[in-house]
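To start, the structure itself, in structure tokens.
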Amino acid sequence: MRKINDLLEKLLTFIAGSLFAAFILTVLYQVVARNYLKISVSWTDEVAMACFIWAVFIGAAIALRKRKHYVVDVFPPSFVMTQRVLRLFGSLACLPVIYVLIVHGNVLVDMGWNRRSVALGTPMAYVFAAIPVAGIAMLLFSIETIRDDIAMLRAGRDAVNGGEAPES
């Protein structure tokens, strides 16, 4: 599972980085076209928005795997088992959100086939597809992190600090 997720993370990182670069270049082109070339380019708003949405959702999936989302430390680091239980709780608490992203994101994609973007005329389903795609990546990453959290809980405190950390 870890090898598959490693490959998926590398692929998603490349895609998210490329989309973010496309977002920056599109906005830059729009500014140059409007301010210096004195022309209006209507498609840049939609392309920039689509690139940004995809980059954000893919980035959120990557952040979930790397555990880079916001964390509030309530207990000091010496409370090893308490930290592990809270970490597992946080991983499990993500599952309902992932469910909403996948299931209701697919509903949104289905509705998006009937909606067209104004400037490009493409179905909005292509933009909305970022939601369930990121949800599926989050699910795969969550399976790995939950498995790791359970393994750390089973290992006990000796696996982390050689048994030196006091327990809560």
Side-chain angles (χ1 to χ4, degrees), residues 1-73 86-152:
M1 180 71 164
R2 190 172 311 279
K3 288 182 181 182
I4 292 170
N5 282 348
D6 286 343
L7 181 63
L8 180 61
E9 181 186 343
K10 286 179 185 177
L11 175 66
L12 291 178
T13 300
F14 174 77
I15 292 170
S18 299
L19 288 168
F20 188 70
F23 164 74
I24 297 295
L25 291 173
T26 304
V27 171
L28 180 65
Y29 175 70
Q30 180 184 32
V31 170
V32 169
R34 185 182 333 119
N35 294 328
Y36 298 106
L37 303 176
K38 305 294 185 206
I39 59 173
S40 176
V41 186
S42 61
W43 58 268
T44 54
D45 288 338
E46 290 179 7
V47 170
M49 177 192 64
C51 290
F52 186 72
I53 289 170
W54 271 92
V56 165
F57 275 99
I58 291 172
I62 295 166
L64 182 121
R65 182 175 194 219
K66 293 184 173 190
R67 299 179 188 266
K68 297 293 184 185
H69 286 289
Y70 292 107
V71 175
V72 178
D73 289 329
L86 289 174
R87 188 172 168 166
L88 176 60
F89 174 76
S91 295
L92 292 172
C94 288
L95 292 178
V97 175
I98 293 169
Y99 170 82
V100 170
L101 291 174
I102 294 172
V103 173
H104 297 286
N106 277 322
V107 171
L108 189 61
V109 170
D110 287 340
M111 292 185 330
W113 291 113
N114 297 323
R115 294 181 58 195
R116 300 264 177 201
S117 66
V118 176
L120 296 174
T122 58
M124 291 301 294
Y126 295 125
V127 176
F128 299 154
I131 299 169
V133 168
I136 291 167
M138 287 179 187
L139 179 63
L140 292 172
F141 293 154
S142 288
I143 291 168
E144 177 187 355
T145 58
I146 290 169
R147 191 187 69 211
D148 291 348
D149 291 343
I150 291 171
M152 290 300 289

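Since the model is a prediction, treat every value here as computed from it, not as a measurement.
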Review point. Between Arg65 and Asp6, is there a side-chain N and carboxylate O pair less than 4.0 Å apart?
Key: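 Between Asp6 and Arg65 there is a salt bridge, with a charged N closer than 4.0 Å to a carboxylate O.
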
Is it the case that atom [atom1] in [X] sees more than 12 heavy atoms from other parts of the structure closer than 6.0 Å?
X	atom1	value
Arg147	CZ	yes
Ile4	CD1	no
Phe52	CZ	no

With a 4.5 Å limit on heavy-atom distance, are the side chains of [X] and [Y] in contact?
X	Y	value
Arg87	Arg67	yes
Phe128	Met111	no
Phe141	Leu8	yes
Lys68	Ile62	no
Arg116	Pro123	yes

Check [X] against [Y] and note the closest heavy-atom contact, atom names and distance.
X	Y	result
Ala61	Ala134	CB-O, 3.9 Å
Gly105	Ile131	CA-CG2, 3.9 Å
Gly135	Leu101	CA-CB, 4.1 Å
Trp54	Leu19	CB-CD1, 3.4 Å
Val41	Ala33	CG2-CB, 3.6 Å
Ala55	Ala16	CB-O, 3.8 Å

Review point. Picking from Ile146, Ile143, Val100, what satisfies side chain to side chain contact (heavy atoms under 4.5 Å, CB included) with Leu95?
Key: Ile146

Could you grab the distance from atom [atom1] of [X] to atom [atom2] of [Y], nearest 0.5 Å is fine?
X	Y	atom1	atom2	answer
Met124	Leu108	CE	CG	9.0 Å
Tyr99	His104	OH	NE2	5.0 Å
Met138	Phe57	CE	CZ	7.5 Å
Cys94	Leu139	SG	CG	11.5 Å

**Study point:** Main-chain N/O of Ala119 paired with Glu46 side-chain donor or acceptor, under 3.5 Å
**Key:** yes

Practice item. Could you tell me whether a side-chain N or O of Asn5 sits under 3.5 Å from a main-chain N or O of Leu140, the two making a donor and an acceptor? Key: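 It does hold such a pair.
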
Exercise for review: Give every residue pair that meets the side-chain hydrogen bond (donor to acceptor under 3.5 Å, both in side chains) criterion with at least one member in residues 119-142, sequence neighbours excluded.
Suggested key: Ser117-Thr122

Check your understanding: Do any pairs count as a side-chain hydrogen bond (donor to acceptor under 3.5 Å, both in side chains) and have a residue in residues 35-44, sequence neighbours left out, and if so which ones?
Key -> Gln30-Thr44

**Study point:** Any residue meeting salt bridge (Lys or Arg N to Asp or Glu O under 4.0 Å) with Lys66, in chain and number order, not counting sequence neighbours
**Key:** Glu9

